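Below: the structure, in structure tokens.
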Amino acid sequence: MKHLLVFIYSLFVVMTVISCSGRHKDYPLAMRQAEACMEADPDSAFACLSRLRDSIAYEPKGTQMYYWLLTIQADEKRYVLHTSDSLINAIVSFYRKHGDSDKLMMAYHYQGCVYRDMNDAPRAVECFLDAVDVEGTTEQNTLLGLIYGQLGALFAYQDLFDESLEARRKSLHYYTLQKDVKRIPGALRGIARMYGIKQELDSAVSYYREAVRVAQEAGRAKSADDILSELGCLFADMGQPDSAKQILLPLYKKGGFHNVELNLGEIYLQEEKTDSAELCLKQAAVYGSIYQRYSAYLSMTRLEVKRQNYQKALDYAFRVQELSDTINTQTRTEAIKKVQSLYDYHHTTQENIRLMQENTVSHYRLITSILILILVIIATLYWIHRIRMNKKTAIEQERQMSRFKDYQYRRSLAYIWENEQKLKELKELLEKTGKENDELNRRLLLSQKEMLELENRQQRVEQANREIWETVLKHSDAYLRFHRAASEGHSRLTEDDWNELHAAVDNAYPHFTDRLYNFYSNLSSQELRICLLIKIEIPNKGMAELLNVSPSAITQARKRLYKKISGEAGSGESLDKMILDL
């Protein structure tokens, strides 16, 4: 029984694998034929696909989706405008769920093409960016080149020229990886155009020349001539008529280049060769685009004014006005389309966000409220704690500063002088008390006098000891080493040198470091070193040398450190005085 169950289970697994692997193993012959000739002959590819239109509904879902994707691809390559996004959206949705990354990238690409044709540039850009985010195989380099090329065109359409240039560079990168010599010249020309728009004309010329070279080496003469015509027109715009004519004249003889006719006409007009100018400009005025015809008629108006043929000039001027009105109408229409597509995109995006919020808000409202409440409580408690700690720190700092100032005063000459004054007063009182025979008062005054004399002696002894220790410090190896390093402008001091200086300062000024930490417990090692250097009277510039920073950095650090220690704003000199007195 056990062996039978194992056999049945194994058979089920094998059948599942076979069915899954065979589901998309072989597409119908017409689809495979369409794939094979899609690049070279999209019309034939479309004809192959058309033969399956009636029977495709009986194929598996994956085959159907790929069939419709190929149909959209064929339409794109046959320059058929896309007018609806419903089919491509269904295809994208299918490949999102079924995980075929190469086909998903392809679907996103054609979704972008559909929105491009529907004049929805923002959504088209979004689709192309989604396409490049898909991790496809290396075989997709050509498709990535196409996608970035589309992005470059859309960015330029929206006047985002830097973004367009970057996208076109990436397009060239992927075509180069694929060694796609058919598309590399177009990518180079796109980069050249962007440099031309940005008025970086040397770069534009360089890329145009490279595009011509690659096209010629690939045997694509028509493409090379098209690019050459743009290069020649660029030279004309740059005010280099000789370079322009060298390129444009051979193309003019071949015919069919209306931008060549227009630019040659302009050059001849500048050279006063009116007959040649008229011939070229008339050809551009008849066969060129609306913008070329506008420029041609404008130049022909100037030409007839030079000939003093004012009636003809007036006729041409009327044509210029008509074309200008048409161009303005088209420009306004185009601008309205841009604004409308941007509005529609934002409106759709906002609507989608609103619907998502409505679908999720009921699930997360309670959790969000609880989290907010917890955060508010934590923030309030933390805020109260910080206020208490700040108050406590400020009170303690003020207390420390008060004790420090009192300590400084008691060690000062002013304090000794004050005691001397008190002693004089006590002596006078003693003399007076002696005369009055007030023994109790006299003893009290004698006791006070002895205490003041003792305190003064102690202060003088402390000062003497301090001077001795300061002398010892100034003759110590550490003191001399640091002063020498500061004056010579180099810092080769080790951690041991700093430790030795630290010990020497604490020996000369007992509890110096402890007092510093009493004032500010979070003193960093760098700040402690600044205090040690101040204590041994290293100047600002010398400190900067020893600590490998700028003098201005030392000045700012001293100001900040004074504020940390004292709790009040002050200058670097205020810190120096405090440290020297400590």
Side-chain angles (χ1 to χ4, degrees), residues 37-43 76-79 109 113 139-157 161 164-238 240-264 267 284 287-289 291-292:
C37 65
M38 185 68 73
E39 285 293 327
D41 191 355
D43 288 322
E76 172 70 15
K77 292 187 177 298
R78 294 185 308 125
Y79 304 105
H109 169 239
C113 294
E139 296 175 0
Q140 297 290 62
N141 284 336
T142 294
L143 180 57
L144 283 167
L146 289 169
I147 292 167
Y148 278 112
Q150 294 279 6
L151 280 170
L154 286 168
F155 285 141
Y157 172 75
F161 301 120
S164 176
L165 180 60
E166 181 62 25
R168 291 174 191 273
R169 285 185 178 282
K170 289 182 178 178
S171 177
L172 174 63
H173 168 72
Y174 285 109
Y175 289 149
T176 304
L177 286 178
Q178 197 66 20
K179 298 180 181 177
D180 191 342
V181 292
K182 175 183 174 183
R183 292 186 173 91
I184 287 175
L188 289 165
R189 175 168 60 180
I191 294 172
R193 285 174 176 172
M194 287 304 101
Y195 276 124
I197 291 172
K198 287 161 63 66
Q199 292 299 303
E200 297 180 28
L201 301 179
D202 290 340
S203 296
V205 169
S206 176
Y207 274 95
Y208 272 127
R209 290 194 186 282
E210 179 64 12
V212 171
R213 184 190 67 77
V214 175
Q216 288 173 340
E217 287 181 357
R220 302 183 63 80
K222 180 64 171 66
S223 177
D225 286 347
D226 286 338
I227 299 167
L228 269 174
S229 70
E230 291 188 23
L231 177 58
C233 294
L234 179 64
F235 278 128
D237 292 338
M238 291 167 65
Q240 299 180 23
D242 293 337
S243 299
K245 284 164 66 176
Q246 188 177 0
I247 294 172
L248 297 179
L249 282 171
L251 295 173
Y252 177 72
K253 292 174 182 177
K254 292 182 180 181
F257 297 96
H258 307 307
N259 58 338
V260 171
E261 295 162 353
L262 175 62
N263 279 273
L264 271 179
I267 291 170
Y287 301 108
S289 67
Y291 297 99
Q292 290 167 344

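For the numbers below, each heavy atom of this structure counts, side chains included, while hydrogens, waters and symmetry mates do not. Note that the structure is a prediction, hence the values are computed from the model and not measured.
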(Q) Using a 3.5 Å distance criterion without hydrogens, assess whether the side chain of T176 forms a donor-acceptor pair with backbone atoms of L172. (A) yes

Q) How close do Q216 and A224 get, heavy atom to heavy atom, and via which atoms? A) CG-CB, 3.6 Å

Q) So how far is it from S206 OG to E210 CD, rounded to the nearest 0.5 Å? A) 7.5 Å

Q) Quick check: does any side chain N or O of E217 sit under 3.5 Å from a backbone N or O of V214, one acting as donor and the other as acceptor? A) no

Q. Say you draw a straight line from CZ of F161 to CD of Q199; how long is it, rounded to the nearest 0.5 Å?
A. 11.0 Å

Side-chain donor-acceptor distances from residues 249-256 under 3.5 Å, at least two apart:
unit_1: Y252; atom_1: OH; unit_2: Q283; atom_2: OE1; d: 2.8
unit_1: K254; atom_1: NZ; unit_2: D225; atom_2: OD1; d: 3.3
unit_1: K254; atom_1: NZ; unit_2: D225; atom_2: OD2; d: 2.9

Q) Stepwise, does the side chain to side chain contact (heavy atoms under 4.5 Å, CB included) test hold for Y208 with L228? A) CA-CA 7 Å; Y208 272 127; L228 269 174; over 6 Å; no

Q: Take I227 and L231, measure what side chain to side chain contact (heavy atoms under 4.5 Å, CB included) needs, and give me the verdict at the end.
A: CA-CA 6 Å; I227 299 167; L231 177 58; 5.6 Å; no

(Q) Using 0.5 Å steps for rounding, measure from the CG atom of L177 to the CG atom of N141. (A) 5.0 Å

Q.
When you measure from the side chain of S223 to the backbone of R220, do you find a donor-acceptor pair of N or O atoms at a distance under 3.5 Å?
A. no

Q: Give the intermediate values and the outcome of side chain to side chain contact (heavy atoms under 4.5 Å, CB included) for residues V260 and I247.
A: CA-CA 9 Å; V260 171; I247 294 172; over 6 Å; no

(Q) Return the CG to CD distance between L262 and Q292, rounded to the nearest 0.5 Å. (A) 6.0 Å

Q | Partner set under salt bridge (Lys or Arg N to Asp or Glu O under 4.0 Å) for K170, not counting sequence neighbours | A | none

Side-chain atoms of residues 181-197: list all donor-acceptor pairs with protein atoms under 3.5 Å, sequence neighbours left out, distances to 0.1 Å.
unit_1: R183; atom_1: NH1; unit_2: D180; atom_2: OD2; d: 2.8
unit_1: R183; atom_1: NH2; unit_2: E39; atom_2: OE1; d: 2.8
unit_1: R193; atom_1: NE; unit_2: E230; atom_2: OE1; d: 3.0
unit_1: R193; atom_1: NE; unit_2: E230; atom_2: OE2; d: 3.4
unit_1: R193; atom_1: NH2; unit_2: E230; atom_2: OE2; d: 2.4
unit_1: Y195; atom_1: OH; unit_2: R169; atom_2: NH2; d: 2.1

Q | Set of ring-ring contact (aromatic ring centres under 6.0 Å, His included) partners for Y148, sequence neighbours left out | A | Y174

Q | Distance-minimising heavy-atom pair for F155 and A167 | A | CD1-CB, 4.3 Å

Q: Identify the two heavy atoms, one from S229 and one from L248, that lie closest to each other, and give their separation to 0.1 Å.
A: O-CD2, 3.9 Å

Q) Who passes salt bridge (Lys or Arg N to Asp or Glu O under 4.0 Å) against R78, sequence neighbours left out? A) D75

Q: Taking the side chain as every heavy atom from C-beta outward, state whether L144 and H173 have any pair of such atoms under 4.5 Å apart.
A: no

**Q.** Interatomic distance, L151 atom CG to Y157 atom OH [nearest 0.5 angstrom]
**A.** 15.5 Å

Q.
I'd like to check the side-chain hydrogen bond (donor to acceptor under 3.5 Å, both in side chains) partners of D41; sequence neighbours left out, ordered by chain and number.
A. S44

Q | Which atom of P42 lies closest to which atom of K77, heavy atoms considered | A | CB-CB, 3.7 Å

Q: Provide the closest heavy-atom pair for A284 versus E261 in the form atom of the first, atom of the second, distance.
A: N-OE1, 3.5 Å

Q: State, to 0.1 Å, how close A236 and A244 come at their nearest heavy-atom pair, and which atoms those are.
A: N-CB, 3.6 Å

**Q.** Worked verdict on C113 versus H109 for side chain to side chain contact (heavy atoms under 4.5 Å, CB included)
**A.** CA-CA 6 Å; C113 294; H109 169 239; 3.7 Å; yes

